[in-house]
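Protein chains get the first letters and strands the later ones, always in sequence-line order, with residue 1 at the start of each.
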Amino acid sequence: MLRQAQHDTDVLRQAQHDTDDADAASTRVTLSLSKGSLSKGSLSKGVSVLIWTTTPWTLPANVAIALRADAAYGLYELDGEGLVLATALAPSALGERFAEATLLATTTGEHLDGLFARHPFLDRDSAIVLADYVDLETGTGAVHTAPGHGADDFETGIKYDLPILNPVNASGHFTDEAGPYAGQFIFKANKQIVEDLRASGRLWRAHEYEHSYPHCWRCHNPVIFRATAQWFIAMDQNRLRARAIESAEAVAYTPEWGETRLKQMLENHPEWCISRQRTWGTPIPALVCTGCGESVLDAHVARNAAKRFAQEGAGVWWSDPVETYLPDGFACPNCGKHAFEKEKNIVDIWFESGVTHFAVLGKDGIPWPSDLVLEGGDQYRGWFRSSLVTAVAVKNAAPYKRVVKNGWVNDEHGRPMSKSKGTGIDAKDAMDKWGADVLRLWAASVEFVDDVRFGPNVVEQVSRVYRNIRNRIRFMLSNLDDFGAADVVSRAEMQPLDTLACSVVDAFVADVKAFYDAYDIHGAYLRIVEFESTMSSLYFDALKDPLYSRAENDARRRSAQSALLYALQRFLTAVAPVLSFTAEEAWQEIPAALRGEEASVFDSSFAAADIDRKALDADLALWEELRSLRSQVAGSPNVRDFEAKVRIAAGSGLHKRLAHLGDNLREALVVSECELVESASIESDAATLEITNADGEKCRRCWKFRHLGSDAEHPSLCGDCAAVVRAL
RNA sequence: GGGCCAUUAGCUCAGCUGGUUAGAGCGCAUGCUUGAUAAGCAUGAGGUCCCUGGUUCGAACCCAGGAUGGCCCA
């Protein structure tokens, strides 16, 4: 099978972005109409079609002229010669001589389809064909068509069953097929061809024309298109394409539109060319019959090669005699002869990466298919597609359960990082500078599915969030200092505020796990930040009073510490995938006796003890009610914290829930006194607050405002504190 | 030129199937605290939700067109 030669996918792709404007000879050439006819009338010199090209070296491969079906074409008489070209382009194409031309007849492209013109210097006809890519912006509306030297031309050649001529060898020199130009380097032949055309009177005009031409992105030399024989995977045989699309539907996608994208790539992908002309790579274990020239790909030969390659490496293909790979009595399926040469093409590296799942998965305890494949968005067309096609061809299933696409990392202004512009940041340098966990947290803080920005300011911002989290962890750890395994209180025995906090922790862990499960790392990040911040402002603040002012072994205090231990461990578990080093460091700081059986945070499980969802939701609702009350108290303009006493008049429903908290309600509001009364005139779930100055004076030990001096020895302490101090 | 995607406070982002004054964290300002202290708490100022039309009682969200940026193609 012939195809449009792709020297290298990357080269071609880059070439489009790397087209240098180059001065090139642009020529208008006339091809005489040889068969069929337009109105010849008195045209002594015959009728020609005027074509236009910037690459005269492709003229030896010309086999057709493409017209646009619906475009108007005119027959112009000039100096006794008939010229056919698009009427819309005649003024620009004929230039100053347009005024002298006489329009003899007009028709549309479709009426000229099937006529033949005569090649300007070779002894053959050039078919007049139709193509929809013919534009009426430049040229003559009659497009020189060389199927061996261009993708569009190739397609047209296939459609019209035209010969695909490639009279250029791999080194860019003309072959014998190019007639008089055989042996010449194509770019040097350009000038000669133009000269010859001029001499033979077939050149209408030549001039310098500035246009863009593809160049190699690496060596910057101009590249050319040559149609050569290649190996393909036939996408439409055995319903391969259709089955691949079906398999793609069974896969999950992050983001979800990835499914559309991947299916689109499968739908539109041309026959998959898997051969390359390189000497470094995995050889295609095919044979070429020296008798008939047929390429032969045989399963037995391929298996012999696979065995040999496994032992010696693929390089032996080049040094082994061909007989090494021939099964006994092997004959050419085409001509029956027995003499072969080895194929010289190698397998495209894209094909090799597309089969890595066979090499890596399904062995050594690693399952096939994989849980997910993660790559940048360019890989919908690349690896996501190639892996899927090879897997479907062999196993009729996708090699992954989910496709996750990530965006690109740009600099702080959203521009691509560039080493030469000094905007590039090396990952290693960033890690040394800011620390691995800050980088991890940054990765979670951005929406990785989209393009993201990275730079000192962005990292600085996230490192402040990191410090916050670290401080919460330190707070929890430091308050477990005097806490032993024997002091741990079971959840059932904890005080109401503490069991409530445990519920909030459970909900948090469950949420974060759900985010991770959905690969929504950013969602997990948001939840973590929100959690650590509200835990700190609501719960930790409330715990300071019991933790600091109660006696070491006081039941209230031990309950709080038990909840803190629980919260800390669950928090570290939840945070470990993102803040791995910090979580493990903190985990190791927990006294071994308290840590339980899990020596490492990575041994701990996300699974929570049986969660009663209904009870949990009730707890969460009450937590929110507490938050609301607390913010009303804390936001009170004149009196705050322990200076205040609060009188809460609550409706029956809320009253019942708050009453259950006992003195924990006062703690949660961080005030010295809290009075709760039920009010029939208030809606069941509502409350009104009355915040006034607390009675008494500030106790020097617990800071609460109380009546001091009940213990004569400690006149500046409240009764509770005096009792604690006495017991020391 | 085509397909897909993105665009919400200074920054990083939430806003489910359209429904009261668009939210969070960080930053910023102000106050409190000084027993998490190179910490903690509170309050506040910041938004024509890219633009223009349309549908609707009602649009950040739906539709059409456009702008800017990205990816893949032609």
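Rounded to whole Å, atom C1' of B:C13 lies 11 Å from atom CG of A:Asp520. As rounded to whole Å, 14 Å separates atom C1' of B:G15 from atom CD of A:Glu530. Following rounding to the nearest Å, A:Asp378 (CG) and B:G3 (C1') show an atom-to-atom distance of 16 Å. When rounded to the nearest whole Å, the span between CD of A:Glu624 and P of B:A24 equals 13 Å.
Separating the P atom of B:G47 from that of B:U8 is a span of 15 Å, rounded to the nearest Å. The separation of B:U12 from B:U52, taken at their C1' atoms, amounts to 30 Å, rounded to a whole angstrom. Remark: the separation of the P atoms in B:C26 and B:A22 is 22 Å, to the nearest Å.
Residues passing the salt bridge (charged side-chain N to carboxylate O under 4.0 Å, His left out) test with A:Arg640: none are found, sequence neighbours excluded.
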(message) How would you summarise protein contacts on nucleotides 35-47 of chain B per nucleotide, using B for base, S for sugar-phosphate only and - for none, with heavy-atom distances below 4.0 Å?
(response) BBS-SSSS-----
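Across all strands, A:Met476 comes closer than 4.0 Å to no nucleic acid atom at all (heavy-atom distances).
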Give each protein N/O atom lying under 3.5 Å from an N/O atom of nucleotides 9-12 of chain B, with the pair distance.
residue, atom, partner, partner atom, Å
B:C11, O2', A:Gln461, OE1, 2.9
B:C11, O2, A:Gln461, OE1, 3.0
B:C11, O2, A:Gln461, NE2, 2.9
B:U12, O2', A:Ser445, O, 2.5

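Interface remark: the A:Arg261 side chain does form a donor-acceptor pair with the B:C71 base, using a distance-only criterion of under 3.5 Å.
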